[in-house]
Amino acid sequence: AAGGCLTDVDGHSYIDFTNDMSAGFYGHSNPVILAAIRGALDKGISFGGPHKHEVALAEDICRRFTSIERVRFCNSGTEANLVAMGLARAVTGRPLVLAFHGGYHGSLATYVNVEAPLNVDKLQMRFARYNDEKDVLRVLEECGAETAAIIVEPMMASGGGILANRAFLAALRALADNFGALLIFDEVVTARLSPGGLQDLVQIRPDLTTLGKSLGGGLTFGAFGGRAKLIDRLDPSRPGAILHSGTFNNNVLTMTVGHIGLTQVATIEALQAVNARGDKLRHSLLKVATERRTALSISGYGSILSLHFQPAAPRNPTEITTTPTQRKLFHLDMLLHGFYTPRRGTINLSLATTDDDCEAFVNTFAGFLDRYSAFLPHD
Ligand SMILES: Cc1ncc(COP(=O)(O)O)c(C=O)c1O
């Protein structure tokens, strides 16, 4: 892979609109990132102790995310969410966490199907409908006194690229406060949408934020942070500290690359440009669909677009009417024409995606709508 392109083992090339499920935000083999990895390798991979690169990355994150006064590192978004939920339980002394139907917080906390066999803490989770504050209140009226935290993706990623209404997030903030629970924003995917994450765009401050994916520059990464008072409970130099450990929590490669990525690659200008490119792509895709009277809605934000073959964008996963067959057709037809997209219909731009890539995508997409018109809904 290089820049915005992938080549498979059979020699077929694809323009990449998957970009490692959004983690490959910097594009493949970005020269600045490659140089950072090589430089780090030359100085030793793992030190078994604190080092300056983790301090630099921690400072970058605290500078960017106003709600993050202190941050701790781990190795994946899943781990960040599990530790954040555990911390909420430990500091509140309450057992339950409220999450949302269709939410995804990692391989051990997947609520796309709340019965997922590998999920942890199954009996200590409660669920409400996304973008529905009345339903959240209903659940909290039943079990608010035992609820340690509400965990929410400000934009449901795996659940369909569904953006939370600002009013919904504001209601969660108020409800968490009223019931004495913490509010956790899972920004593993959405952190890349603005310099301070989605929370900055909506101006709502969670108590804890979890991070992952692109903030590690494309390498293994997880982090969680928030109010100093909460994160300081994990500070091993304090009496009665809650243990949070992990051999590779501050692995040198990720810490170095994360810092270089945030300071030299994911600049404010670069984020604005990629989001603007995403908005332009969204507009063009909707235009070719409208011209063909194909029902299409595109949810998501900026550089992350989620395509649904239905007239109205879903407000929660139950409103998704696009069928798995339609998604499969789209995925396979785009592959056949040289575009790598995730099967679930979300497309992720990277900083290496060009206007020409987007234009070519729109033309091929128009062809897809024509080729499979009989299988797609119309207005
Ligand atoms: C919103 C969200 N949270 C958490 C995760 C889990 O991150 P990881 O795959 O690094 O464990 C993902 C992964 O897709 C995600 O989309």
Side-chain angles (χ1 to χ4, degrees), residues 18-26 61 65 71-88 97-114 116 118-121 125 127 130-131 149-164 169 172 183-194 197-199 201-202 206 208-226 246 248-249 251 253-255 257-258 261 299-306 316-317 341-348 350:
T18 296
N19 286 307
D20 198 16
M21 309 301 158
S22 86
F25 187 42
Y26 298 154
I61 290 176
F65 295 83
V71 64
R72 293 183 68 88
F73 298 115
C74 52
N75 293 283
S76 69
T78 304
E79 200 184 339
N81 284 316
L82 296 186
V83 179
M85 289 192 264
L87 177 62
V97 171
L98 171 58
F100 292 91
H101 286 289
Y104 182 81
H105 302 288
S107 56
L108 306 176
T110 165
Y111 311 124
V112 176
N113 166 13
V114 299
L118 298 187
N119 275 356
V120 297
D121 298 325
M125 298 302 300
F127 298 96
Y130 196 69
N131 269 331
I150 302 174
I151 186 166
V152 66
E153 296 161 87
M155 179 183 84
M156 253 185 192
S158 303
I162 303 173
L163 204 58
L169 295 176
L172 293 186
L183 181 61
I184 306 172
F185 275 5
D186 176 345
E187 292 235 40
V188 168
V189 169
T190 53
R192 58 176 262 177
L193 295 176
S194 96
L198 198 41
Q199 57 190 265
L201 294 173
V202 293
L208 292 171
T209 300
T210 58
L211 303 170
K213 294 207 187 258
S214 63
L215 264 65
L219 301 184
T220 311
F221 178 63
F224 61 96
F248 293 117
N249 281 355
N251 82 81
L253 291 189
T254 302
M255 298 292 113
V257 171
S299 50
Y301 182 91
S303 64
I304 299 180
L305 295 77
S306 204
N316 64 59
T341 66
R343 182 164 286 190
R344 65 171 176 252
T346 299
I347 51 186
N348 306 304
S350 84

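This is a predicted model, so every value here is computed, not measured. Heavy atoms only: backbone and side chains are in, while hydrogens, waters and symmetry mates are out. We count ligands from 1, going down the list as the structure has it; atoms in each ligand are counted the same way.
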Derivation of the side chain to side chain contact (heavy atoms under 4.5 Å, CB included) call for F73 and T254:
CA-CA 10 Å; F73 298 115; T254 302; over 6 Å; no
Between V189 and A157, which heavy-atom pair has the shortest distance, and what is it?
CG2-CB, 3.8 Å
Return the closest protein heavy atom for atom 16 (O) of ligand 1 as residue, atom name and distance.
V189 CG2, 3.3 Å
Going by the atom numbers of ligand 1, which of them fall below 4.0 Å from some non-hydrogen atom of E153?
1 (C)
Quick check on contacts: which atoms of ligand 1 are under 4.0 angstrom from a heavy atom of N81?
3 (N), 4 (C)
Which of the ligand 1 atoms, numbered from 1, are nearer than 4.0 Å to a heavy atom of S76
10 (O), 11 (O)
Can you say whether the rings of Y130 and F100 are parallel (under 30°), tilted (30 to 60°) or perpendicular (over 60°)?
perpendicular
Is the shortest distance from a heavy atom of K213 to ligand 1 less than 4.0 Å?
yes
Quick one: does N81's side chain have a donor or acceptor within less than 3.5 Å of a partner on S76's backbone?
no
Atom 15 (C) of ligand 1: closest protein heavy atom, distance to 0.1 Å, is Y104 CD2, 3.7 Å
Test side chain to side chain contact (heavy atoms under 4.5 Å, CB included) applied to L198 and L163, step by step
CA-CA 10 Å; L198 198 41; L163 204 58; 3.9 Å; yes
Yes or no: does H105 have any heavy atom under 4.0 Å from an atom of ligand 1?
yes
Does the side chain of R192 come under 3.5 Å of the side chain of S22 through a donor N or O and an acceptor N or O?
no
Please confirm whether D186 comes within less than 3.5 Å of ligand 1 when only nitrogen or oxygen atoms on both sides are compared.
yes
Report the C-alpha separation of F224 and R72 in whole Å, then their side-chain angles, then the decisive distance to 0.1 Å, and conclude whether the side chain to side chain contact (heavy atoms under 4.5 Å, CB included) test is met.
CA-CA 6 Å; F224 61 96; R72 293 183 68 88; 3.7 Å; yes
Around atom 8 (P) of ligand 1, find the nearest protein heavy atom and jot down its residue, atom name and distance.
G77 N, 3.5 Å
Which residue and atom name correspond to the protein heavy atom nearest atom 11 (O) of ligand 1, and how close is it?
T78 OG1, 2.5 Å
